Amino acid sequence: MLLTTVLLSVLAPVAPRALAEPSPAEVEQQLSQAWQKLEPVIEQYNKVHSELLANQRASTVLTKQLDPLQRRVDLSLGQVGDIAVRGYWLGRASAANALLASGTPQVMNDRLAMLEYVARQNREKVAEAVELRDSLIAQRGRVESLIARQRRMDADLAAKKKLIQGEIERLEALRLRVYGPVSSNGSLRIGPCPAVSAGGAAGIAVRTACAQIGKPYVWAAAGPESFDCSGLTQYAWKAAGVSLTHFTGAQWRETTPVARADLRPGDLVFFYSDLHHVGMYVGNGLIVHASRAGVPVKMARLDTMPYMGARRP
């Protein structure tokens, strides 16, 4: 609901002027302003979608755990049933008769001890069955709760996806009306990529990111044919064997802080106060990033956006 409200109320004012066609410079300003509002919404979508995937995995694991637990419960309840049947047939009178017919005090004591042992074992079996049954019920409840939450999240994501896509299409229509079918994005490479050689996992990640230059921006995409900002960094580091969540906030938390003076190729660099945009540092003050719809993955200078910090996977 919050993201829907943002889309409907905050982004709505960004529209072409009714009386005069905006100039290219005005269009770029409108697009930049609108995108700074829209990208946080996209990253919130990525956050919810990542949570949904995690819930689905948890649900699958719990469901697999329920089968052997169900078999244990069935076995324990069967044993309890056997105990009940034996108790019905033997009864207190039969136990008393067995004791009275024992012959000697020592035999009687032995039989009393045996009866107590059997009774204690039976109580333990009953308690174990009840405990297993309660555990099964609780875990089933967790699975059902996760499934219900997934259904709600699916519906919520579908609604947000429609709104986000509609806003992107509106902004692109405005761009096309001013620029025509080919927009002027400038050079996608403003230097060697990577600008500084790197080895190890970071070297693999940065070379992977550089290899995506020119591929289209598609929101919520994480490769291999298209990307959004956190999808690109996730894809690049996945090639190096490092798992990152497809969400800027999670990538900030999952990685280690790095001072700006200590930046190395492969580091993640974050922008804007709410950390809604991320790129990959490639050396010499340059980054690779998926910036926004209509603009392919490209290189940019580190100081072209409000820098908030860097993290190292």
Side-chain angles (χ1 to χ4, degrees), residues 23-36 38-39 42-43 168 171-172 175-176 178-219 221-237 239-240 248 251 258-272 275-313:
S23 68
E26 290 172 329
V27 168
E28 287 300 326
Q29 183 179 11
Q30 286 189 32
L31 287 170
S32 178
Q33 291 173 349
W35 199 257
Q36 287 182 34
L38 182 58
E39 191 171 41
I42 291 172
E43 284 303 312
I168 288 174
L171 294 174
E172 284 307 296
R175 176 191 287 274
L176 289 174
V178 174
Y179 286 116
V182 179
S183 61
S184 176
N185 293 320
S187 175
L188 301 180
R189 290 181 182 267
I190 55 177
C193 193
V196 175
S197 296
I204 295 172
V206 74
R207 287 191 295 274
T208 300
C210 291
Q212 312 315 310
I213 291 175
K215 291 186 178 180
Y217 180 102
V218 174
W219 72 276
E225 301 302 327
S226 56
F227 302 89
D228 65 9
C229 70
S230 56
L232 175 64
T233 50
Q234 180 195 47
Y235 180 83
W237 271 103
T248 54
Q251 291 184 10
V258 178
R260 185 165 182 166
D262 297 326
L263 281 172
R264 295 200 307 243
D267 289 345
L268 305 182
V269 284
F270 294 82
F271 303 92
Y272 302 101
L275 307 175
H276 71 252
H277 189 70
V278 64
M280 181 173 289
Y281 188 70
V282 297
N284 289 344
L286 301 174
I287 67 169
V288 169
H289 69 145
S291 59
R292 71 186 192 201
V295 180
V297 176
K298 66 175 186 175
M299 296 177 72
R301 300 196 179 281
L302 185 63
D303 57 5
T304 56
M305 294 172 285
Y307 175 88
M308 287 294 117
R311 292 291 192 274
R312 184 167 297 157

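For reference, positions follow the sequence shown, starting with 1. Remember, it's a predicted structure, so these values are computed and weren't measured experimentally.
Across every non-hydrogen atom of Trp237 and Ala202, the tightest pair is CH2-CA, 3.5 Å. When all heavy atoms of Pro194 and Arg207 are compared, the closest pair comes out as CD-CG, 4.3 Å. Among all heavy-atom pairs drawn from Ala300 and Thr304, the shortest one is CB-OG1, 4.2 Å. Val258 and Asp262 get closest at one heavy-atom pair: CG1-O, 3.7 Å. Here the closest heavy-atom approach between residue Pro313 and residue Gly266 is recorded as CD-O, 4.2 Å. Nearest heavy-atom pair, Met280 versus Ala236, reported as atom, atom and distance to 0.1 Å: CE-CB, 3.7 Å.
Taken from SG in Cys229 to CD in Glu43, the straight-line distance is 4.0 Å, to the nearest 0.5 Å. Rounding to the nearest 0.5 Å gives a distance of 8.5 Å between CD1 of Ile287 and CD1 of Ile190. Rounding to the nearest 0.5 Å gives a distance of 12.0 Å between CZ of Arg292 and CD1 of Ile42. Between the OG1 atom in Thr233 and the CD atom in Gln212 there is a gap of 12.0 Å [rounded to 0.5 Å]. With rounding to the nearest 0.5 Å, the separation of CG in Asn284 from CG in Leu263 is 11.5 Å.
When ring centroids are compared, Phe227 and Tyr235 come within the 6.0 Å threshold.
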If you apply the rule side chain to side chain contact (heavy atoms under 4.5 Å, CB included), what do you find for Val288 with Leu232, and how did you get there?
CA-CA 9 Å; Val288 169; Leu232 175 64; 4.0 Å; yes
List the steps, then state whether side chain to side chain contact (heavy atoms under 4.5 Å, CB included) holds for His289 with Met305.
CA-CA 12 Å; His289 69 145; Met305 294 172 285; 3.7 Å; yes
Side chain to side chain contact (heavy atoms under 4.5 Å, CB included) between Val196 and Val282, intermediate numbers included:
CA-CA 7 Å; Val196 175; Val282 297; over 6 Å; no
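The side-chain heavy atoms of Pro216 and Pro296, taken from C-beta on, include no pair separated by under 4.5 Å. Residues Leu286 and Leu302 fail the side-chain proximity criterion, which asks for heavy atoms closer than 4.5 Å. The closest side-chain heavy-atom distance from Gln251 to Phe270 is below 4.5 Å. Val295 is not listed as a side-chain neighbour of Tyr217, based on a closest heavy-atom distance of 4.5 Å or more. Looking at Ile213 and Met299, their side chains come closer than 4.5 Å, going by heavy atoms from C-beta outward.
A side-chain N or O of Glu39 and one of His277 form a donor-acceptor pair less than 3.5 Å apart.
Looking only at distances, no side-chain donor or acceptor of Thr248 sits under 3.5 Å from a matching main-chain atom of Ser230. Looking only at distances, no side-chain donor or acceptor of Lys298 sits under 3.5 Å from a matching main-chain atom of Lys215.
Within a 6.0 Å sphere centred on CZ of Arg264, other residues, nucleotides and ligands contribute 12 heavy atoms or fewer. Around the CZ atom of Arg301, the shell of radius 6.0 Å holds no more than 12 heavy atoms that belong to other residues, nucleotides or ligands.
The aromatic rings of Tyr307 and Phe271 sit perpendicular, their planes meeting at an angle over 60°, well past the 30° parallel limit.
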